[in-house]
Student: 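I'd like to ask you about the structure that follows.
Atom set for the values below is all heavy atoms of this structure, side chains included, hydrogens, waters and symmetry mates excluded. As the structure is a computational prediction, the values presented were derived from the model and not from experiment. In what follows, chains carry the letters A, B, and so on, assigned in the order in which the sequence lines appear, proteins first and then strands, with residues in each chain numbered from 1.
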Amino acid sequence: MNFHNLLINWYLQNKRNLPWRNTANPYHIWLSEIMLQQTRVAQGMPYFLSFTTAFPTVFDLAKAQEEQVLKLWQGLGYYSRARNLHKTAQYIATERNGIFPDNYKDLLQLKGVGEYTAAAIASFSYNEVVPVVDGNVFRVLSRYFDIETDIAQASAKKEFAALAFELMPKDNPAIFNQAIMEFGALQCVPKNPDCTICIFNDSCAALQKKKVNQLPVKSKKLKVRNRYFNYVMLSDAEENTLIQKRTTKGIWHNLYEFPLIETLQEEDFEFVSNAVQQELFFTNPIISMQACNEKSIVHKLSHQHLHIKFWKLNVKGKVENGISKEELKRYPFPIVIHNFIESE
DNA sequence: AAATCGGGGTC
DNA sequence: GACCCAGATTT
């Protein structure tokens, strides 16, 4: 049997039952694909369900406030996806009468939709013959054909797309795209795949050459930067506190946080206490300050390690523009701050 | 081409 | 600790 027939037969016997696989609705397909970018199926699943419940159609999503969208996205990461999702929903709803583009080229114009996502929607919703190239596809094809191309290079995507296109059955691109990704996710996994039970174990080039664990080749190694955050949680007699929206470029754009003192290294009570008075300009007189966590919480992002301390600042009077503990729960926060609030 | 953007799972 | 996940966008 040829490659695609073997692969598709395997898929039909091993596929997971995922909610976005029981539909060709481009709204649902689009939503799932944005959520699954660099995100595991298990992590994205509850978010897909809550979004489709909260926003049954693209019009419902378009009507929502960005803050509500970010709140539902809270914890999923890469928040530009949520902001782009919302903008694109508004564009589809108002400029296109709710109708999604129906081909790869036009889908590619949407904010947040790149080559992978355009191919996924075009094939799953409209049966366009266009291959998806994601991390799974790189891995499966680089191993099966023993391709040592560095997948971090921009040109690699074209090379693998051309190969995948040749392998696709032109009368059913959707199932092939689903199958190759599922095969990568379940069988041809990154580390120590069980090749003894693989349907391709008599034809996989990497297996024959004992190179399975060396492929795919990926060069980039990212540098991690350390940052030191001191979050100051104001609290008046009624336990009202103050939060602000992050409008700076960089991480967590448009999410909320407590007033922040960022330092070049981990600082002690004395330093932070002085910085609070000199930098934050709170109008209420300070009664006391204490550290909420003795040791910094190390929150690891892909390219930053955040060393976070929370400081509680009790003040006299009533905090202007303060919000209650109940109101706090309605705002979108980075998950590390959300977890802190929940633990208080 | 390289850096940036999250959070969590796995070995 | 290193690497990866149904990648896209900015620099």
Student: Rounded to whole angstrom, note down the P distance from C:dT11 over to B:dG6.
Tutor: 14 Å

Student: Which residues in residues 136-144 of chain A have at least one heavy atom lying under 4.0 Å from any atom of DNA chain B?
Tutor: none

Student: Look at the aromatic rings of A:Phe100 and A:Tyr27 and report parallel, tilted or perpendicular, splitting at 30° and 60°.
Tutor: tilted

Student: I'd like to check A:Pro173 versus A:Glu128 (side-chain heavy atoms, cut-off strictly below 4.5 Å). Are they in contact?
Tutor: no

Student: Expressed in angstrom and rounded to an integer, what is the separation of A:Lys191 atom NZ from C:dC5 atom P?
Tutor: 11 Å

Student: Could you tell me whether the side chain of A:Glu159 reaches within less than 4.5 Å of the side chain of A:Ile147, counting heavy atoms only?
Tutor: yes

Student: From CG of A:Asp150 over to C1' of B:dA1, roughly how many Å is that when rounded to an integer?
Tutor: 11 Å

Student: Without decimals, in angstroms, what is the distance between A:Trp30 CH2 and C:dA8 P?
Tutor: 14 Å

Student: Between A:Phe3 and A:Phe200, what is the ring plane arrangement, given parallel below 30°, perpendicular above 60°, and tilted in between?
Tutor: parallel

Student: May I ask you to say whether A:Lys209 pairs ionically with A:Asp146, meaning some side-chain N is under 4.0 Å from a carboxylate O?
Tutor: yes

Student: Return whichever of A:Glu33 or A:Asn84 has its heavy-atom-nearest nucleotide of DNA chain C closer to the 5' end.
Tutor: A:Glu33

Student: What N/O pairs connect the protein and nucleotides 6-9 of chain B at under 3.5 Å? Give each pair on its own line.
Tutor:
| from | atom 1 | to | atom 2 | distance (Å) |
| --- | --- | --- | --- | --- |
| B:dG6 | OP1 | A:Tyr79 | N | 3.2 |
| B:dG6 | OP2 | A:Trp252 | N | 2.7 |
| B:dG6 | O4' | A:Tyr78 | N | 2.9 |
| B:dG6 | N7 | A:Tyr78 | OH | 3.1 |
| B:dG6 | N7 | A:Ser302 | OG | 3.3 |
| B:dG6 | O6 | A:Tyr78 | OH | 2.8 |
| B:dG6 | N1 | A:Gln38 | O | 3.0 |
| B:dG6 | N2 | A:Gln38 | O | 3.3 |
| B:dG6 | N2 | A:Thr39 | OG1 | 3.2 |
| B:dG6 | N2 | A:Leu76 | O | 3.4 |
| B:dG7 | OP1 | A:Tyr79 | OH | 2.9 |
| B:dG7 | OP1 | A:Ile335 | N | 3.3 |
| B:dG7 | OP2 | A:Trp252 | NE1 | 3.3 |
| B:dG7 | OP2 | A:His299 | NE2 | 2.6 |
| B:dG7 | N2 | A:Gln43 | OE1 | 3.3 |
| B:dG8 | N2 | A:Arg40 | NE | 3.2 |
| B:dG8 | N2 | A:Arg40 | NH2 | 3.4 |

Student: When all nucleic acid strands are considered with a 4.0 Å heavy-atom cut-off, which category describes A:Trp73: base, sugar-phosphate, or nothing?
Tutor: nothing

Student: Please tell me if the side chains of A:Gln265 and A:Thr263 come closer than 4.5 Å, counting only heavy atoms from C-beta onward.
Tutor: no

Student: Take the protein atom NZ of A:Lys220 and the nucleotide atom P of B:dT4, then report the distance between them rounded to whole Å.
Tutor: 11 Å

Student: Under a 4.5 Å cut-off applied to non-hydrogen side-chain atoms, are A:Gln290 and A:Trp311 in contact?
Tutor: no

Student: Starting the side chain at C-beta, find the nucleotide from B:dC11, C:dA6, C:dT10 nearest to A:Gln178.
Tutor: C:dA6

Student: Taking only N and O in the side chain of A:Lys249, is any of them less than 4.0 Å away from OP1 or OP2 of C:dT11?
Tutor: yes

Student: Would you call A:Glu66-A:Arg83 a salt bridge at under 4.0 Å N-O?
Tutor: no

Student: Looking only at side chains, do A:Tyr79 and A:Gln74 share a donor and an acceptor under 3.5 Å apart?
Tutor: no

Student: Under a 4.0 Å N-O cut-off, is there an ion pair linking A:Lys15 with A:Glu182?
Tutor: no

Student: With distance as the sole criterion, do the side chain of A:Arg225 and the base of B:dA3 form a donor-acceptor contact below 3.5 Å?
Tutor: no

Student: Is the closest side-chain heavy-atom distance between A:Ile308 and A:Val336 below 4.5 Å?
Tutor: yes

Student: So, are A:Lys325 and A:Glu344 salt-bridged, with charged N and O less than 4.0 Å apart?
Tutor: no

Student: May I ask you to say what A:Asn177 touches in the nucleic acid, namely base, sugar-phosphate or nothing, with a heavy-atom cut-off under 4.0 Å?
Tutor: nothing

Student: Does the distance from a Lys or Arg side-chain N to an Asp or Glu carboxylate O, for A:Glu267 and A:Lys309, drop under 4.0 Å?
Tutor: no

Student: Using whole Å, what does the distance between atom P of nucleotide B:dC5 and atom CG of A:Asn254 come to?
Tutor: 14 Å

Student: From CD of A:Gln214 over to P of C:dA2, roughly how many Å is that when rounded to an integer?
Tutor: 20 Å

Student: Using heavy atoms and a sub-4.0 Å distance, could you list which residues of residues 110-124 of chain A are near DNA chain B? By number, please.
Tutor: none

Student: Distance between the P atoms of C:dC3 and B:dA3, in whole angstroms?
Tutor: 15 Å

Student: Return the value, rounded to whole Å, for the distance between atom NZ of A:Lys223 and atom P of B:dC5.
Tutor: 15 Å

Student: Please determine, for the side chain of A:Lys218, which listed nucleotide (C:dC4, C:dA6, B:dC11) has the closest atom?
Tutor: C:dC4

Student: What distance, rounded to whole Å, do you find between the two P atoms, one in C:dA6 and one in B:dC11?
Tutor: 14 Å

Student: For the pair made of CD1 in A:Ile151 and P in C:dC3, what is the distance, rounded to whole Å?
Tutor: 12 Å

